[in-house]
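These notes concern the structure reproduced below.
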Amino acid sequence: MHDGTQLLHNKENSTDDMELMMDLLSSQYQDGFVMDVYAIDFGEEGAALHSSKILNQADFVARAIETLVEGCHLGDSDTGITIVAHSIGAWAVRASLDMHPHLISKGWVQNFINLASPLQSIPYAVDSGVHDLVQTLNERGNSDTKRNVAMISVSGGLRDELIPPALGRGQSDSDSFLANSILEAKSATKFGMDHRCIVWCYDLLAQIRGVIFMLALTTDRGMGPSERMNIVRRTLHQTNHTASFEHEVKTLHESALDAKGYSALVSVQLAAPYYLNCLLKLCILVGLAHSLLLRPLVLQYQRQQYGQQYGSIFTTCMEISISLLLLPSIVTISSLLRRLELQFLGWNLRQCYMHECEILLGTIFVLTQLAALIYFIIVYGVGFVIDKISRIFCTSSQEQHPFGTFGTTLCSCSVKSLRLYPTTCLPLAIGVFVVVRGTNVMFDSTTLAPTLFVSVAIFILGCLLKLIFKPTATNLAERRMTFVILLISLVKATYGKLIYAYSMMQRVGSDNRCCNEMLACFISSLLPAFLAIMTVETHDAMTQNALLEWKRRTRGDAKGDTGVGIGLNKTPGVFLVINTLLIIWYMWNVLVSYSGDDIVVPLYSVITVVMAYWNCYPLSADAINVYAAIIDDDLSFHCEFKDKDE
């Protein structure tokens, strides 16, 4: 799909002669080099939101290549197509080449150039399906078929606000460059260029045009990918390209640190939006550490030393102070340990991953403090305001549940909550589907699954909101903590799936991935979260029943809370050990993006259920009968002893 390459057909196929000819032709014939350019623009669809969008774009890219091959009459002997992809478009192309290997085997695609593309992971992607797809494509990236493609990557550098430069490194058989190293004569690009600038910067595009020219010539001469990339290095004046890409990125960070200063570079890193996923995980980590470990330990220490009442201002201030200082320090030390190059019995203990190695420790400390502030503002700030509003505008009538065991009360609470689904949530989801589809309203296997999934997600959100809007609830602080942790973790686990379900409502046709992914998310995230919410409701109901029954049995006032709540009683040592292991595991991987993040939803749900059962055991009807019998015996003994004295 170009002119001018026939000039070299009579030359011997020698790499040295070819490199010399390239130096001569690059300036003599490049102006006469004509390319047929075809653009694919997905209109900022947001492929990183869910893996289905990347796969759909990959199918479209494959069909577009097949159309070009057919329309332009390209054969196996032609140079083929050189693809230039920007940002997440590189993943659409990589998925397309993986799903349609004939694009490579038939020689239709032999050269692939990436501009500001995250080739190792997508740091700001929240959905686990995206991380699964990235991991799968990286594992298959070095197959024999794909080694026939010369892959060139150009990273935007430190000024790229969406892609860290370390993620611009391709596979072992590809070559990666920093934009500032290509344009090293330009002082304005000393630290690179932003994410959009890289596609319209004339100086850089002139270099990319020369790369395409060289790739077309060398491919037409039948050179292999490694030979083509060697000539590309010469074209980009990277003849001494001996340093690894990781070393170049490290040098770039050191130069920026010397030029701008530590605090300025921390501010630059904090302003980058690709730390959103890390911030969500840090909020979850702070919630887990505070609710499962720090708060129980602080309450036990306070009860042993001072004997003060639970929920006092002193306890709250102590919890917040310890969390704001201790947790960021521990997370920072953990990150420092991950990047230490230690050798132990022949094993390399260095565990930091890609851009994680370049995050400044000050950035990690401030990010963790910001996550802790967000968590405590919701728990003790917004939650307090919501509690006051709910007590004013919501009814204060207490729900009646059967006074019995944990199982019977749990079933009663679940049945009462499930009544909300067919009357409110399901009609709301159907209404959304009707509005989205307009006149083309037709339920089938493709549209039924996303509609039900959206309705269940709305139902779980309603149950979560009930945790903090119920005015007669006991142990409000614990309910808010459960609400924050489940809300953030569920948003992280289901955000991409909800977008996928909404897109399936709009589209007519079948997608076999739809039902399986929705079902997996329901079983692994939504159902465990619902059980955790219901156990909190069960504990609240059993606490209220115990107060009423205690008042009736003792004929007293029985004012106030019983003090029995999730995390308020003396937590058994085995619970503290399990919680500590969960927190250590999550903290060790808090800055890494991978699909295993979402396992925190079922794990935290199981811990919540088990601890709720433990705390509800003293509130059962049998336990209250035992307490009442003990007090009755004590009172009878006291009265009999008093009569004898008289």
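One is the number of the first residue; the rest follow in order along the sequence.
Summarising the geometry, atom CG belonging to Leu133 is positioned 5.5 Å from atom CG belonging to Leu55; distances are rounded to the nearest 0.5 Å. For the atom pair CG of Leu461 and CD1 of Ile458, the computed distance is 8.0 Å after rounding to the nearest 0.5 Å. Of the inter-residue distances, the one linking His86 atom NE2 with Ile113 atom CD1 reads 14.0 Å to the nearest 0.5 angstrom. Rounding to the nearest 0.5 Å places CG of Asp59 at 12.5 Å from CD1 of Ile54. Distance NE2/His50 to NZ/Lys497: 5.0 Å, rounded to 0.5 Å. Rounded to the nearest 0.5 Å, atoms CD1 (Ile485) and CG (Leu464) are 11.5 Å apart.
No donor-acceptor pair closer than 3.5 Å links the side chain of Ser96 to the backbone N or O of Ala92. Side-chain atoms of Asn589 do not come within 3.5 Å of backbone N or O of Val592 as any donor-acceptor pair. Thr494 places a side-chain N or O within 3.5 Å of a backbone atom of Leu490 that can act as its donor or acceptor partner. Panel note: side chain Arg228, backbone Gln110; a donor-acceptor pair is recorded below 3.5 Å. At distances below 3.5 Å, not a single donor-acceptor pair connects side-chain atoms of Gln207 with backbone N or O atoms of Ile182. Panel note: side chain Ser155, backbone Gly168; no donor-acceptor pair is recorded below 3.5 Å. Side-chain atoms of Gln135 never come within 3.5 Å of backbone atoms of Asp132 as a donor-acceptor pair (strictly under, hydrogens ignored).
Between Phe459 and Phe530, the ring centre distance stays below 6.0 Å.
Atom CD of Glu70 is surrounded by 12 or fewer heavy atoms from other residues, nucleotides or ligands within 6.0 Å. Heavy atoms of other residues, nucleotides or ligands lying less than 6.0 angstrom from OH of Tyr421 number more than 12.
For the residue pair Arg339 / Ser335, a side-chain donor-acceptor distance below 3.5 Å is found, with atom types taken as modelled. One side chain, Arg94 or Asn138, offers a donor N or O that lies under 3.5 Å from an acceptor on the other. Between the side chains of His195 and Ser87, a donor-acceptor pair is found at a separation under 3.5 Å.
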Step by step, work out the side-chain hydrogen bond (donor to acceptor under 3.5 Å, both in side chains) result for Glu66 and His100. CA-CA 10 Å; Glu66 293 170 351; His100 306 276; 4.9 Å; no
